[in-house]
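One structure is given below, encoded as structure tokens.
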Amino acid sequence: MAYAVTLPASAASGSGTSATGARAKAPPLWPAKLLLLSLAVPFFFPLGPIFLTADRIVLIIAFAPCFFLWASGRIGRKIFADYALLGYCLWMGLSSFILDGPSIAVEAVGINFIESFGAYLVGRCMVRDADAFRSIVRFFFLMILLMLPFALHETVTSRNMLLEIANRVWPSYGDVPKDPRWGFDRVALTFYHPILYGVFCGACFGLTYYVLGYGCSAFMRFLKAFIVAFACFLSLSSGPMTALVAQLCVTVWDRVLKNFRKRWTVLITGVVCAWGGLAMVANRSVPEIFLTYFAFNTGTAYNRIRIWEFGTITVQQNPILGIGLTGDWFRPWWMSGSMDMFWLVPAVKHGLPAGILMHLTFLGIFVAVANKRGLSERAASYRMGLLVSLLGFYLAGWTVHYWKVIYVLFMFLLGTGGWFLSPAAQADTEAAPPPEPEDARRSRYARGGPATGSRPDAAPRYSRFPARPRAPRQT
């Protein structure tokens, strides 16, 4: 009698399961969780001319193992975004060495390389399946939840308790001066600035709704997402709030039209048509209209418009290598030197190639993950959570600059998108096993073996004890 053996989907798809059915050992998750935790640690450790923070220490320790896993191909094939980000880091180094000199470039380029490619590789190498991705998002959400009481205390009393405690334990930075808005203090906690705290919390909105909310009731899904949105709101910053509103709108659109397959085509077409219509009839550019009506402070909105105007002039004047790390960008004397526009900064500092490569890194992950086919139901929901989060990052990047820990978080989340492009995303299944045949089910629950009326050739119930012949009943 021949028996058919059916391999699990993960084995058939080559997602790290051997032919014998033994699953390959997944990378540990603790380096990724430790990196997330270090983002909320405000301590700094001066080491000669090098300024080390908790997240930089974690990245320095994790870089070599992650780079080996990536270079050796043990986490799967390399993707376009890998090469785009590596190219960005190399071009950034070339620009700095030529314009700033080796004495400045060595330290700055090394740290930027660790924070860019290193944080990306931690997400790329450590998060390799749906379970790991959910575990990371859950840890992210718990961090926001545990910090929420301290955020409420700070917004009401203007007292940053976490930073006060941190300064008693180890040298840390001081609380930045903040103008109250709507009668409340802007929450920063241990993130140096309210904008950073707002972006940190807002980045978790889409992930919470689609990842932690998967398989939950509608009430629990909305409750968890509301907690994240409320924490982001406490920053009272227009950049993070704009990103949060955009994530909310996309989520509502997706849920309301979930049975309409062309909903994203309709949405993109509508946005393009609305943009073009405003550009033709308005006496201002569309970004100027957007910043004017969605900013808490009209002064900051005006300043961002001027940043784009004079920043692009600087790029036109220095299109190849930029102005370097120590150069000063072209602007009126009354404007601050702070450039609150993440997507413009690489092109200004390191030339147009750097700006293009940073965009290609983002689009290399975003577009590839969005167009991935054959995902399981759970992986498709997780995919939507990551895309919504990255969309918020992209939009906020036109109104704020990502520096320090938020830049590391952005690179890390980009790296986590790599597993969606691997066979593990297609092999992932949380669906119920195929229904058991009726005859086999009756046979399994019968006391004396196969039930009466089952097929004569039905396979008997498995047992590790040999079958014993039953004596005939005496009549």
Side-chain angles (χ1 to χ4, degrees), residues 42 44 51 53 92 95-96 99-100 104 108 111-112 115 158 160 163 173-182 185-189 191-200 202 235-243 284-319 321-352 354-355 358 393-408 410:
F44 56 85
F51 185 80
T53 55
M92 177 179 59
S95 168
S96 299
L99 298 179
D100 303 309
I104 295 177
I111 290 297
N112 287 333
E115 290 184 339
S158 302
N160 194 335
L163 204 56
Y173 44 78
D175 194 13
V176 295
K178 299 160 292 185
D179 295 329
R181 291 176 176 174
W182 296 348
D185 193 53
R186 303 173 63 193
V187 175
L189 292 185
F191 289 90
Y192 184 74
H193 196 278
I195 290 178
L196 299 184
Y197 172 75
V199 174
F200 180 84
S235 69
L236 297 176
S237 299
S238 55
M241 287 298 298
T242 300
R284 294 177 295 173
S285 67
V286 178
E288 288 179 335
I289 299 173
F290 176 79
L291 290 172
T292 301
Y293 285 100
F294 290 93
F296 279 98
N297 190 325
T298 56
T300 59
Y302 177 79
N303 184 60
R304 283 170 172 81
I305 295 172
R306 300 285 79 81
I307 287 174
W308 171 257
E309 178 181 342
F310 293 105
T312 52
I313 293 176
T314 305
V315 175
Q316 294 172 2
Q317 294 174 342
N318 308 273
L321 296 177
I323 61 174
L325 296 172
T326 57
D328 197 11
W329 56 292
F330 173 76
R331 65 186 186 279
W333 61 269
W334 44 266
M335 280 188 64
S336 169
S338 175
M339 181 171 286
D340 298 328
M341 195 168 290
F342 171 75
W343 296 110
L344 185 61
V345 170
V348 170
K349 288 187 173 296
H350 306 292
L352 196 57
M358 177 56 73
F393 260 110
Y394 185 80
L395 294 177
W398 293 105
T399 58
V400 301
H401 179 51
Y402 300 145
W403 78 103
K404 293 184 180 293
V405 296
I406 298 304
Y407 179 72
V408 173
F410 178 54

Do you know which two heavy atoms are closest between Ser95 and Lys349, and how far apart they sit? OG-O, 3.7 Å
Considering residues at least two apart in sequence or located in another chain, which fulfil the side-chain contact (heavy atoms from CB on, under 4.5 Å) criterion with Asn318? Thr314, Ile323
List, one per line, each side-chain donor-acceptor pair under 3.5 Å for residues 400-408, sequence neighbours excluded.
residue	atom	partner	partner atom	Å
Tyr402	OH	Phe393	O	2.4
Tyr402	OH	Gly397	N	3.1
Tyr407	OH	Ser116	OG	2.5

Does Asn160 form a side chain to side chain contact (heavy atoms under 4.5 Å, CB included) with Leu189? I'd like the steps, not just the answer. CA-CA 6 Å; Asn160 194 335; Leu189 292 185; 4.2 Å; yes
Compare every heavy atom of Ala108 with every heavy atom of Leu325, then report the nearest pair and how far apart it is. CD1-CB, 3.3 Å
Could I get the full list of salt bridge (Lys or Arg N to Asp or Glu O under 4.0 Å) partners for Asp340, not counting sequence neighbours? none
Ignoring hydrogens, what is the shortest heavy-atom contact between Gly311 and Met339? Give both atom names and the distance. CA-CE, 4.3 Å
For the residue pair Trp329 and Ser336, what are the closest heavy atoms and their distance? CZ2-O, 3.7 Å
Using side-chain heavy atoms (C-beta onward) and a distance below 4.5 Å, is Leu236 in contact with Pro194? no
Mind listing the closest non-hydrogen atom pair of Pro346 and Ala354 along with its distance? O-CB, 3.7 Å
So, the side chain of Asp100 versus the backbone of Thr326: is there a donor-acceptor pair under 3.5 Å, distance only? yes
Ile307 vs Arg331, test: side chain to side chain contact (heavy atoms under 4.5 Å, CB included). Steps then yes/no. CA-CA 8 Å; Ile307 287 174; Arg331 65 186 186 279; over 6 Å; no
Please verify the inter-ring angle class for Trp343 with Trp398; under 30° counts as parallel, over 60° as perpendicular, anything in between as tilted. tilted
Please indicate whether Trp333 has more than 12 foreign heavy atoms, meaning atoms of other residues, nucleotides or ligands, lying under 6.0 Å from its CH2. no
Looking at CD1 of Ile195 and CE of Met241, how far apart are the two atoms once the value is rounded to the nearest 0.5 Å? 13.0 Å
Taking every heavy atom of Pro240 against every heavy atom of Gly198, the minimum-distance pair comes out as CB-C, 3.5 Å
Check against side chain to side chain contact (heavy atoms under 4.5 Å, CB included), Gln316 and Phe330: CA-CA 11 Å; Gln316 294 172 2; Phe330 173 76; over 6 Å; no
Step by step, work out the side chain to side chain contact (heavy atoms under 4.5 Å, CB included) result for Arg186 and Tyr197. CA-CA 10 Å; Arg186 303 173 63 193; Tyr197 172 75; over 6 Å; no
